K.L.:
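First the structure, which I've put down as structure tokens, then a few questions once you've had a look.
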Amino acid sequence: MNQVAITGVGYVPISEHWSKSLRMLMAEAGFLALDEAEIDKPDLIIVSSAFASRLQEQYQLGALIANYMGLGGVPAMSVEAGDASGGVAIHLGYTAILSGIYKNVLIIGGDKLSDELPARVESVMASMEDREYITYHGATYAGLAALVYKEYLTKYGVKNDDIALLAVHDHSMAVGIAHAQYPFPIKLDKVLSSPIIADPIRLFESFGFGDGAAAIVLSALEDIKSDTIITIESSVMATAEQFNIAQRDNIVSFSSTNKAAKQAYAKAKITPNEINVAEIHDSYTILGIIALEDLGFAKYGEGTKLLKEGQLTPGGKIPVNTFGGLKARGHPFGATALYQTMEIVKQLRGEAPHQVPKAEYGLVHSMAGIGGTAVVNILRRMK
Amino acid sequence: MSVPRYWAERITRYRMIGNKCKKCGTVYYPPKFSCNCGSKDMEQYQLPRKGILINYSWIYTAPQEHKKNEPYPIGIIQLTDGTKILAQITDVEPEKLKIGIEMEAVFRKITEDGDKGLIQYGIKFRPVIKQTKNT
Amino acid sequence: MGSDVAIIGYGAYIPMYRIPHKEIAEIWGRGGRGIPPNEKAVAGPDEDTVTISVEAAINALNRAKINPQDLGAIYVGTESKPYAVKPTSTIVAEAIGATPNPLAADFEFACKAGTEAFIAVLGLVASGNIKAGMAIGADIARGRPSDELEYTTGSGAAAYILAPNNHDAIAKIEDRYTYVTDTPDFWRREGQYFPMHTYRFTGDPAYFTHVENAAKGLMQKLGLRPSDFRFVSFHQPNVKFPLQAAEDLGFTLDQIKPTLLNPVIGNAYAGSSLLGLAAALDISKPGDRLLIVSFGSGAGSDAISIIVEDGIESKRDLAPKVIDYISRRVQISYGLYVRFREKLRE
């Protein structure tokens, strides 16, 4: 029976790459992954970008990148699902291999937010939610996450500080990480005194705008030659039961993540307790706390408990975002899930700076906006 | 903003007209093509114009088209029929904005395409105006 | 005239913000010298003539209790329409659910555009051409920075629904008298944003000649005297002019006080006298006779006499009153005023 292995990873540092275009960053990452996989030419290329059609005004990105990499002729496609673009791209690559039609799939994610002025980027980001009825009224990504944040504080009686602590965790994990956007520690009071972007969310509780590209190669398992085999045990995607946040009965849990996670665990035949290390989608600290709950690592309302008890560090019960997460490693939208996956692969290979001892199962959580789409991928070190 | 795209949504926006599933009674605003319950039997539905503010946030980093009005509040209002709607909040001093206050729908400018382009209108919510009754 | 037309609904709207005249004077270095001691209403940044018209219209519909589909005409009188070409009235019609039936046009006659619209609707109803119609006077007046007019350029809207007189009527229209000449006391050229005015020329040859002739003409026509009216609403470019006109014509302070909104909202231009009339309706009793005398620069005056009917008692409370909008007050600085009304133009 077919299984899917990750045979190569490649990535560029996340920062403002003024002199490199999006296609350059993608090609760089792509070839690094292909080289590691020892493959010259993949059977399929899946390009993931949330915003290239608006920020770079570029469509048909799959064909463009394939051609730019001298791989013209190879089937290629472009995938967009907001911040979950990368997760969805990986999911598609996974299904492509399982179909038996493609043996080696190159997945490259990238986005370049520095190409446009911040207010325009805000507008583009807001377009991940309903343009005609949500963002029409001036709602931003941060603004909607802020509504979730407020509701969470009221519902569970939790303090701001406890949520903001996740940013401190992310930063502590980014220390010593070469590709991280902000590889330095930060204190809680600095987070809490940063300017408000959408009350109560502060600037340092949010990802920063940056550019990045990361790639992985998926291969059908019987073609693997290497000693360490990392497989994708399960990959599940789900959309929100109710896309419009106003109409949800419960805005402090995301049905997309919850559903994808439950099914991913079932298909991998494990429980959340068996996950040794995870990458969770914390574009805003509150979304990360809720992810801990939706992914089954903490009871609802108790995400901050795990954090405060230090359970999210490499020695804790459920090490999370061990390369800095979306806050400190960075969040170049279409590339993010690829960075997350590469980071779990490094953990499973035993090559992580903040190593989780004997990591066998890893989880990658990719989510779009305020939960419109979510993908949960469970990775495993076979040997 | 594309004129044809704006024009196609104007009735839904100006008059708060959603739709309702005839089978299970769920109300949607904006309207959905078919219901989550599986039924495609939908009918037009007029939303009420008053409700209670159940959540809000002040936006400080506005997108380009709303930059002029920074900072402004957005909120979720639960209308008198139970339907919830997201809208911008207007005509309120920051210290008077609280969860639980009564709100009413008002027709306001949402954005405009510079000083040559189309003006986009829609519904915002403001605290209800106290009415004196004649003795 | 002898038509059987009545007001079956009326609605007002005044924006929330206020700027005291003192605040404006201080900015322009005029502290202490002859400043009017009052304030004016300032529309917020998300308001324009369309939005204030819509709210007044909805209030009028709530009082009239008719189906908006029955409106055969929606006419908006204004001199601050956001589109020089594209009627305010079609947007209002769409927003209140009157489309696709009604005649819809914007009228311009400076501050008399509202009563022009009113009389046009009156004619359509009286002739049986439409079942009911709405006339709106609305303005967000523009004051050139540092000009004296800046003290008084206010904002407001008033909407009236007219239909054949029936048991539900709020007030029946008794008659009207118009006095119009080519008198250029105030104007705005094509392409210009702020208007021009002619200082003292706006007094006797303009305001007083037209207002007093229209009022006298109507009273003569109907064989009435000032004491036959309970309240009178004059156009209010400032406080002095309507008080002077009242005195000249023989009206008392009590007759004009409830309609004198200028000290609080400034000059609402095409909405001014119609808002004063709404304030009068808010406190009138069946049988009261009310007089409205508008004035539009350019120049002209409409004097309309109405008699309050029984319907006022049950309909008055169905929408916010003028006093409710006046009580809703948030003071702003000159800086915020400049920002809201976009006086810094690129």
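Below, chains carry the letters A, B, ... as their sequence lines are ordered, and counting in each starts from 1. Predicted model only: the values in this text are computed from it and were never measured.
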K.L.:
By a 4.5 Å heavy-atom criterion (distance strictly below it), what part of B/Arg10 contacts chain C: side chain, backbone, both, or neither?
P.N.:
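For B/Arg10, side-chain heavy atoms alone lie under 4.5 Å from chain C.
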K.L.:
Non-hydrogen atoms of chain C under 4.5 Å away: do they reach the side chain of B/Gln88, the backbone, both or neither?
P.N.:
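Nothing of B/Gln88, per the 4.5 Å heavy-atom cut-off to chain C.
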K.L.:
Could you tell me if the side chain of C/Ile58 sits less than 4.5 Å from the side chain of B/Phe107, heavy atoms only?
P.N.:
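Not touching, per the 4.5 Å side-chain cut-off.
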K.L.:
Step through the shown structure and confirm whether more than 12 heavy atoms of other residues, nucleotides or ligands are within 6.0 Å of CZ on B/Phe33.
P.N.:
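12 or below, so no.
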K.L.:
Working to the nearest 0.5 Å, report the span between OH of C/Tyr325 and CD of B/Gln131.
P.N.:
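The distance works out to 8.0 Å.
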K.L.:
Between C/Phe340 and chain B, which part of the residue has a heavy atom less than 4.5 Å away: side chain, backbone, both or neither?
P.N.:
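Neither part, no heavy atoms under 4.5 Å.
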K.L.:
Would you say that more than 12 heavy atoms from the other residues, nucleotides or ligands in this model lie under 6.0 Å from the CZ of B/Arg5, or not?
P.N.:
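Check passes, neighbour count above 12.
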K.L.:
Which pair of non-hydrogen atoms, one from C/Arg339 and one from B/Lys68, has the smallest distance, and what is that distance?
P.N.:
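In this case the closest contact between C/Arg339 and B/Lys68 is NH2-O, 2.9 Å.
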K.L.:
Is it the backbone or the side chain of B/Val128 that comes under 4.5 Å from a heavy atom of chain C, or both, or neither?
P.N.:
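When you check distances to chain C, no heavy atom of B/Val128 falls under 4.5 Å.
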K.L.:
If we only count heavy atoms from C-beta on, is the C/Met16 to B/Arg126 side-chain gap below 4.5 Å?
P.N.:
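They are not in contact (no side-chain heavy atoms under 4.5 Å apart), so the answer is no.
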K.L.:
Are any side-chain N or O atoms of C/Asp324 and backbone N or O atoms of B/Thr132, one a donor and one an acceptor, separated by less than 3.5 Å?
P.N.:
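It does hold such a pair.
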K.L.:
Is any residue of residues 83-97 of chain C within less than 4.5 Å of chain B by heavy atoms, and which ones?
P.N.:
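If one takes a 4.5 Å heavy-atom cut-off, the residues of residues 83-97 of chain C near chain B are C/Tyr83, C/Ile91, C/Glu94, C/Ala95, C/Ile96, C/Gly97.
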K.L.:
Give the minimum heavy-atom separation between B/Lys133 and C/Lys321, together with the two atoms involved.
P.N.:
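So the two residues come closest at CA-NZ, 3.9 Å.
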K.L.:
If we check side chain to side chain contact (heavy atoms under 4.5 Å, CB included) with B/Tyr121, which of these qualifies: C/Asp48, C/Val54, C/Asp46?
P.N.:
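With B/Tyr121 as partner, side chain to side chain contact (heavy atoms under 4.5 Å, CB included) holds for just one option, C/Asp48.
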K.L.:
Identify which of B/Thr90, B/Ile119, B/Ile11 forms the greatest number of heavy-atom pairs closer than 4.5 Å to chain C.
P.N.:
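Max contact count across the listed options: B/Ile119.
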K.L.:
Which one of C/Ile323, C/Thr51, C/Val50 has the most heavy-atom pairs closer than 4.5 Å to chain B?
P.N.:
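Going by pairs under 4.5 Å, I would pick C/Thr51.
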K.L.:
Flag yes if more than 12 heavy atoms outside B/Gln46 fall under 6.0 Å of its CD atom; otherwise flag no.
P.N.:
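Yes, the 6.0 Å shell around CD holds more than 12 heavy atoms from other groups.
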K.L.:
Is it true that, when you exclude B/Glu95 itself, more than 12 heavy atoms of the residues, nucleotides or ligands shown sit nearer than 6.0 Å to its CD?
P.N.:
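For B/Glu95, atom CD is crowded (more than 12 foreign heavy atoms under 6.0 Å).
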K.L.:
With a 4.5 angstrom heavy-atom cut-off, is it the side chain or the backbone of C/Ser327 that approaches chain B, or both, or neither?
P.N.:
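Contact with chain B is absent: no heavy atom of C/Ser327 under 4.5 Å.
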K.L.:
Check this for me, if you would: do C/Glu47 and B/Arg108 make a salt bridge, where the nitrogen-to-carboxylate-oxygen distance has to be below 4.0 angstrom?
P.N.:
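Result for this pair is yes, salt bridge flagged.
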